[in-house]
Amino acid sequence: MPAALLSPDTRAGLSAETQRILALAWPVMLTSLNWTILHVTDVIVVGLVGAHEVAALGASRSLTFIAIVTGLAWLSGVLVHTARADGAGDLPRTGQVLREGLVLGLLLGLVVGVVMFAFADVMLAGIGVAPALVAPAGRVVRVMAFTYPPQLMIVAASFFLEGVSRPRRVAVVNLSILPLNAVLAWAMSGGHLGLPAMGAVGAATATAIASGLGAVGMIAAALTLPRAKERGVRRIDLAAWRGVPAGIAALAVFGIVPAVASGLELAGFSILIALSTQFGDDVAHAFQIVFSVHNVTFGLALGLGSACGVRVGNAVGEGDPKAGISRALIATGLSMLALGVCGIVLIVARGPIVAAFPADAATHAVALAMLPVWAPFILFDGAQVVLVYALRSLVDQVVAGVNSIAAYFIVTGGAGWWMVRAGVGPMALVYASGLGMLTAALLHGARFWIVSRRLQRA
């Protein structure tokens with residue numbers, strides 16, 4: 001509806017909500033970009049060592065990305081339950097969710113870490129990584145196994161802080177560890193500052209060190225909140241911890257479908273990463289460049305998705321879930337606008353963007369061919385991630401999970417495998433990615449429409 005047809009009160013309400021969403025979103029965008037830049041930095045500094053090391057790093061991520069994204073989604077209930085409790089004014093409940101989330105994050109991290117350490121080579125070979133890369137990628141995975149307990153505790157504390165509308169603290173902690181990780185990755189991968197040259201393993205070691213320090217900082221940020229006493233975040237008495245096991249079970253049950261969905265969603269992209277290694281080091285490196293650039297833009301959508309989840313969760317906690325519909329639509333529109341602009345920039349400025357990644361001419365040529373085809377589809381990726389957060393906060397995470405599995409595991413992974421086998425060549429990786437993004441946006445959009453209609457009729 002044109003703005004001129006809206007009443008002054010309606011325009012004021014939309015403006016206020018847009019500002020609220022943006023205020024919640026930009027720190028999370030910085031946080032998401034921080035993690036993305038961390039991974040991009042690894043690609044850049046390891047690229048200075050050689051294409052084979054980048055290929056090993058990329059192959060390792062076909063497993064490590066699945067694990068961290070699965071754990072992140074499994075903890076999504078922390079954000080949803082915290083936002084609902086905060087919207088309802090139940091401050092002690094928010095502190096209880098923090099305790100439950102931290103313990104669940106630690107337990108999940110330990111389990112994932114043990115599995116990754118013990119079965120790295122077997123899993124890499126099983127998903128189709130080129131045989132020459134299984135051993136070097138396996139060494140990277142085994143180092144990354146030590147990062148999961150602290151990283152998932154970071155996620156739990158971050159979701160809590162975002163749920164109580166304190167995302168700036170998350171951004172401060174994450175941005176503070178970025179320079180340390182960059183210096184350590186550069187030194188450990190290339191053998192600088194008196195350290196041995198460890199290539200991709202060195203970059204993984206830097207991530208492990210930075211993750212440990214980040215966990216300490218993020219938990220401290222949660223414990224030092226204003227009104228920490230009212231929230232009970234520092235309670236160590238038996239009564240505060242007595243209900244934690246039941247709370248952990250509730251969070252785990254809430255998160256199991258999003259976890260499976262997110263794991264399979266990224267598995268679809270991991271299939272593409274594994275398939276890229278079959279075209280040689282130059283294509284594998286080029287696909288890592290394009291994937292890294294995409295992740296930078298995706299950070300904007302994640303920020304708006306988190307803000308959407310918080311505001312929709314607040315609406316549910318306030319007893320007015322219908323208000324979450326307009327909040328979700330505003331966030332979706334903002335995400336599509338932001339990523340549409342990013343897509344144009346990626347197409348127009350693809351030359352200098354690709355040139356920022358150290359690589360040989362053959363790698364740059366492949367990346368330059370892939371990026372303009374990939375770029376238009378990020379518009380749909382931006383829409384779908386915001387809608388997923390909205391559906392989770394509206395307690396529709398099961399159907400949202402099924403939609404994600406269909407779009408990214410079945411469509412992206414399946415189409416990629418089929419097109420590579422059909423001889424389409426390296427561009428099959430891009431076509432399959434774009435098809436999955438489009439499918440996800442259509443499926444989540446249709447589901448959100450159905451849920452919205454139900455809420456409006458209630």
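In this text the structure is predicted, and so the values were computed from the model without any measurement. Quick note: residue numbers are just sequence positions, from 1.
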Measure the [atom1]-[atom2] distance between [X] and [Y] for me, rounded to the nearest 0.5 Å.
{"X": "Asn295", "Y": "Gln288", "atom1": "CG", "atom2": "CD", "answer": "9.0 Å"}
{"X": "Arg84", "Y": "Thr82", "atom1": "CZ", "atom2": "OG1", "answer": "10.5 Å"}
{"X": "Cys342", "Y": "Leu337", "atom1": "SG", "atom2": "CG", "answer": "9.5 Å"}
{"X": "Trp26", "Y": "Leu22", "atom1": "CH2", "atom2": "CG", "answer": "11.5 Å"}
{"X": "Phe160", "Y": "Leu102", "atom1": "CZ", "atom2": "CG", "answer": "9.0 Å"}
{"X": "Asp381", "Y": "Gln384", "atom1": "CG", "atom2": "CD", "answer": "5.0 Å"}

Tell me whether [X] contacts the main-chain N or O of [Y] through its side chain, where contact means a donor paired with an acceptor under 3.5 Å.
{"X": "Ser335", "Y": "Thr332", "value": "no"}
{"X": "Asn314", "Y": "Ala83", "value": "yes"}
{"X": "Thr297", "Y": "His294", "value": "yes"}
{"X": "Ser326", "Y": "Ala323", "value": "yes"}
{"X": "Arg231", "Y": "Thr94", "value": "no"}
{"X": "Ser306", "Y": "Leu302", "value": "no"}
{"X": "Ser404", "Y": "Ala400", "value": "yes"}

Which heavy-atom pair separates [X] from [Y] by the least distance, and what is that distance?
{"X": "Phe254", "Y": "Gly77", "answer": "CD2-CA, 3.5 Å"}
{"X": "Cys308", "Y": "Ala331", "answer": "CB-CB, 3.7 Å"}
{"X": "Tyr148", "Y": "Gly113", "answer": "CD1-CA, 4.1 Å"}
{"X": "Thr224", "Y": "Arg234", "answer": "CA-NH2, 3.9 Å"}
{"X": "Pro258", "Y": "Ala73", "answer": "O-CB, 3.3 Å"}
{"X": "Ala222", "Y": "Val233", "answer": "O-CG2, 3.8 Å"}

Heavy-atom side-chain proximity of [X] to [Y] below 4.5 angstrom:
{"X": "Leu251", "Y": "Leu75", "answer": "no"}
{"X": "Val80", "Y": "Val310", "answer": "no"}
{"X": "Met427", "Y": "Val430", "answer": "yes"}
{"X": "Ile21", "Y": "Arg311", "answer": "yes"}
{"X": "Leu14", "Y": "Ile330", "answer": "yes"}
{"X": "Ser60", "Y": "Met144", "answer": "no"}
{"X": "Val293", "Y": "Leu346", "answer": "yes"}
{"X": "Met153", "Y": "Met218", "answer": "no"}

Original post:
Above 12 or not: heavy atoms from other molecules or residues under 6.0 Å from CH2 of Trp374?
Top reply: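 Buried by this count: over 12 neighbours within 6.0 Å.
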**OP:** Report, as yes or no, whether the 6.0 Å neighbourhood of atom NZ on Lys322 holds more than 12 heavy atoms from other residues, nucleotides or ligands.
**Re:**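 Enclosed: over 12 neighbouring heavy atoms sit under 6.0 Å from NZ of Lys322.
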Subject >> Pair Leu24-Glu162, side chain to side chain contact (heavy atoms under 4.5 Å, CB included): steps then yes or no >> reply: CA-CA 8 Å; Leu24 291 172; Glu162 292 167 20; over 6 Å; no
**OP:** Assess whether side chain to side chain contact (heavy atoms under 4.5 Å, CB included) is satisfied between Met123 and Val115, documenting all intermediate values.
**Re:** CA-CA 10 Å; Met123 290 189 289; Val115 171; 4.2 Å; yes
**OP:** I would like to know whether Ser15 and Gln19 meet side-chain hydrogen bond (donor to acceptor under 3.5 Å, both in side chains); could you show each step before the answer?
**Re:** CA-CA 6 Å; Ser15 177; Gln19 292 176 29; 3.2 Å; yes
Subject >> Side-chain donor-acceptor contact under 3.5 Å, Arg99 with Gln96 >> reply: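 A donor-acceptor contact under 3.5 Å links the two side chains.
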Original post:
Can you check whether Phe117 and Phe146 have ring centres sitting under 6.0 Å from each other?
Top reply: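 Close enough - the centres of the two rings lie under 6.0 Å apart.
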Is the closest basic N to carboxylate O distance between [X] and [Y] below 4.0 Å?
{"X": "Arg93", "Y": "Glu100", "answer": "yes"}
{"X": "Asp42", "Y": "Arg61", "answer": "yes"}
{"X": "Arg235", "Y": "Glu230", "answer": "no"}

Original post:
Under the side chain to side chain contact (heavy atoms under 4.5 Å, CB included) criterion, do Val290 and Leu429 qualify, and how do the steps go?
Top reply: CA-CA 11 Å; Val290 173; Leu429 309 173; over 6 Å; no
**OP:** Report the C-alpha distance between Tyr389 and Val312 in whole Å, list the side-chain angles of each, state the deciding distance to 0.1 Å, and finish with yes or no for side chain to side chain contact (heavy atoms under 4.5 Å, CB included).
**Re:** CA-CA 9 Å; Tyr389 273 88; Val312 174; over 6 Å; no
**OP:** Using the six-membered ring wherever Trp is involved, compare the ring planes of Phe287 and Phe291 and label them parallel, tilted or perpendicular (cut-offs 30° and 60°).
**Re:**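 Ring orientation of Phe287 relative to Phe291: parallel.
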